[in-house]
Trainee: 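Sharing a structure, written as structure tokens. Questions coming.
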Amino acid sequence: MGSLPPSLDLPTPPLKKPSHQHIPETALLNLFKSQQEHLNYFFQNLNLSQTLSFTETLLNSRGTIFFSGVGKSGFVAHKISQTLVSLGIRSSFLSPLDALHGDIGALSSADVLVLFSKSGSTEELLRLVPCARSKGAYLIAVTSVSNNALANACDMNVHLPLQRELCPFDLAPVTSTAIQMVFGDTVAIALMGARNLTKEQYAANHPAGRIGKSLIFKVKDVMKKQDELPICKEGDLIMDQLVELTSKGCGCLLVVDEEYHLLGTFTDGDLRRTLKASGEGIFKLTVGEMCNRKPRTIGPDAMAVEAMQRMESPPSPVQFLPVIDHQNILIGIVTLHGLVSAGL
């Protein structure tokens, strides 16, 4: 038998460069204009009476507001449910498939079930309706096709006017899902207003996000304290305090008296300026002679976001704020690095 030639001898096919495709700017602009026109059609033809009845039904619900849908409408339903949860409203997404395999057990007679469907003929939702009705839930269809089966089977229907899909074949659900999202989120904000939700209540539902942290965290929650503080006395020599100045990661010294009253601050910037101006004379200078006797300060119960604003305020930004109580006793320090690390 003849031997096969080594694979290394096979010729390497030339690499094909990806073809550069181009979208005319006018074509893209026309698509956005068309979508705007379709959305305007929705706003101009939305039945406000239906929408008000829908919103008040959700507002007065004694149980959980469930949302359901299939495909893209399902994604929208899930998102709107999450929005309501973030506002402190009991809500959940109910998969129509999982509902028929046990999850419908979560439904009760106190609950509302909102079914999103463009056509109102989605088979999975139509199968879900009699099962949900047997649990006593109040059923609402949100559809865009008139006189559809789902609307006729539910207790309430909200019609979302749809001129057409942006898709050139009027098939891909892009405009219909856009108006579903606009409708659901606008209703959610209406519920937020009707329930008089405060900033603090909203923040309590978002403790890990920047919004929540800015409304929840106080200076005392993010400040350094006790052994973390770079403390010195005004009679201490500057050169004797270099380790304290650099080791605590605050970029400064906090000058206090015997009762821990704050007398001033001495920064690493002050050190450079003093060294430049005094030369070898710095070895004889005390911290008290060169410290800033009127530093910016803040109280422990101030909001952490206020501390950041105070640091950035004129005449020039600073990197830290000593934290004092009402008797000017030093209890901590808040740094810009600490605030950023906390997510503010």
Side-chain angles (χ1 to χ4, degrees), residues 46-144 148-160 179-198 200-207:
L46 180 65
N47 187 319
L48 291 180
S49 178
Q50 281 186 350
T51 303
L52 181 59
S53 296
F54 172 78
T55 306
E56 289 183 341
T57 299
L58 301 193
L59 178 64
N60 295 310
S61 171
R62 295 177 291 110
T64 300
I65 303 169
F66 286 92
F67 289 83
S68 190
V70 176
K72 307 298 187 299
S73 294
F75 288 123
V76 173
H78 196 177
K79 191 275 178 187
I80 295 170
S81 173
Q82 289 179 315
T83 298
L84 292 186
V85 170
S86 75
L87 301 178
I89 299 172
R90 280 183 294 169
S91 183
S92 183
F93 176 75
L94 182 65
S95 163
L97 178 61
D98 293 339
L100 299 180
H101 291 273
D103 283 6
I104 201 169
L107 276 179
S108 74
S109 59
D111 299 331
V112 174
L113 175 59
V114 182
L115 306 165
F116 275 86
S117 171
K118 171 188 171 182
S119 66
S121 60
T122 308
E123 185 177 344
E124 295 88 341
L125 296 181
L126 290 172
R127 288 204 304 265
L128 175 59
V129 166
C131 304
R133 189 173 293 286
S134 70
K135 302 288 289 185
Y138 188 82
L139 307 180
I140 305 176
V142 181
T143 61
S144 288
N148 61 77
L150 186 62
N152 294 331
C154 289
D155 300 300
M156 177 188 292
N157 176 63
V158 180
H159 177 70
L160 302 186
I179 64 176
Q180 286 175 346
M181 189 74 78
V182 168
F183 172 81
D185 280 343
T186 304
V187 167
I189 299 304
L191 294 174
M192 179 183 183
R195 291 163 62 94
N196 297 315
L197 189 74
T198 65
E200 290 71 25
Q201 290 171 324
Y202 182 78
N205 296 332
H206 300 76

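These values consider heavy atoms only, across backbone and side chains, with no hydrogens, waters or symmetry-generated copies. Predicted, not measured: the structure shown is a model, and the values here were computed from it.
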Trainee: So which heavy atom on S117 is nearest to which on T122, and how close?
Mentor: OG-OG1, 2.8 Å

Trainee: Assess whether atom NZ of K79 is packed by more than 12 heavy atoms of other residues, nucleotides or ligands within 6.0 Å.
Mentor: yes

Trainee: With side chains defined as the heavy atoms from C-beta onward, is the minimum distance between L115 and V129 less than 4.5 Å?
Mentor: yes

Trainee: Under 3.5 Å, side chain of S144 to main-chain N/O of L160, donor-acceptor pair present?
Mentor: yes

Trainee: Between the side chain of D111 and the main-chain N/O of G63, is any donor-acceptor distance below 3.5 Å?
Mentor: no

Trainee: When rounded to the nearest 0.5 angstrom, what is the spacing between CG in L48 and CG in L52?
Mentor: 8.5 Å

Trainee: State which residue, out of N60, L58, L139, fulfils the side chain to side chain contact (heavy atoms under 4.5 Å, CB included) condition with V112.
Mentor: L58

Trainee: Which side-chain N or O atoms in residues 87-96 pair as donor and acceptor under 3.5 Å with protein atoms at least two apart or in another chain?
Mentor:
| unit_1 | atom_1 | unit_2 | atom_2 | d |
| --- | --- | --- | --- | --- |
| R90 | NH2 | R62 | O | 2.9 |
| S91 | OG | I65 | O | 2.8 |
| S91 | OG | S81 | OG | 3.0 |
| S95 | OG | L97 | N | 3.4 |
| S95 | OG | D98 | N | 3.3 |

Trainee: Walk me through whether D185 and I189 qualify under side-chain contact (heavy atoms from CB on, under 4.5 Å).
Mentor: CA-CA 6 Å; D185 280 343; I189 299 304; 5.7 Å; no

Trainee: Under the side-chain contact (heavy atoms from CB on, under 4.5 Å) rule, what do V114 and V142 come out as? Steps first, then yes or no, please.
Mentor: CA-CA 7 Å; V114 182; V142 181; 3.7 Å; yes

Trainee: Quick one: OG on S73 to CE on M181, what's the gap to the nearest 0.5 Å?
Mentor: 10.0 Å

Trainee: Specify the closest pair of heavy atoms between F116 and I80, including all atoms of both residues, with the distance to one decimal.
Mentor: CZ-CD1, 3.7 Å

Trainee: With rounding to the nearest 0.5 Å, note down the distance linking SG in C131 to CG in L113.
Mentor: 11.0 Å

Trainee: How far does CD of Q180 sit from OG1 of T143, to the nearest 0.5 angstrom?
Mentor: 9.5 Å

Trainee: With rounding to the nearest 0.5 angstrom, report the CD1 to NZ distance, I179 to K118.
Mentor: 9.0 Å

Trainee: What distance do L107 atom CG and R133 atom CZ have between them, rounded to the nearest 0.5 Å?
Mentor: 12.0 Å

Trainee: Show your working on side-chain contact (heavy atoms from CB on, under 4.5 Å) between I104 and L128 and close with a plain yes or no.
Mentor: CA-CA 9 Å; I104 201 169; L128 175 59; 4.0 Å; yes

Trainee: Distance-only, no hydrogens or angles: does the S108 side chain make a donor-acceptor pair with backbone N or O of A110 under 3.5 Å?
Mentor: yes

Trainee: Given T51 and F183, is the side-chain contact (heavy atoms from CB on, under 4.5 Å) satisfied, shown in steps?
Mentor: CA-CA 9 Å; T51 303; F183 172 81; 3.7 Å; yes

Trainee: Compare every heavy atom of G120 with every heavy atom of N148, then report the nearest pair and how far apart it is.
Mentor: OD1-CA, 3.4 Å

Trainee: Show the nearest heavy-atom pair for residues D155 and A137, with the distance to one decimal.
Mentor: OD2-O, 4.1 Å

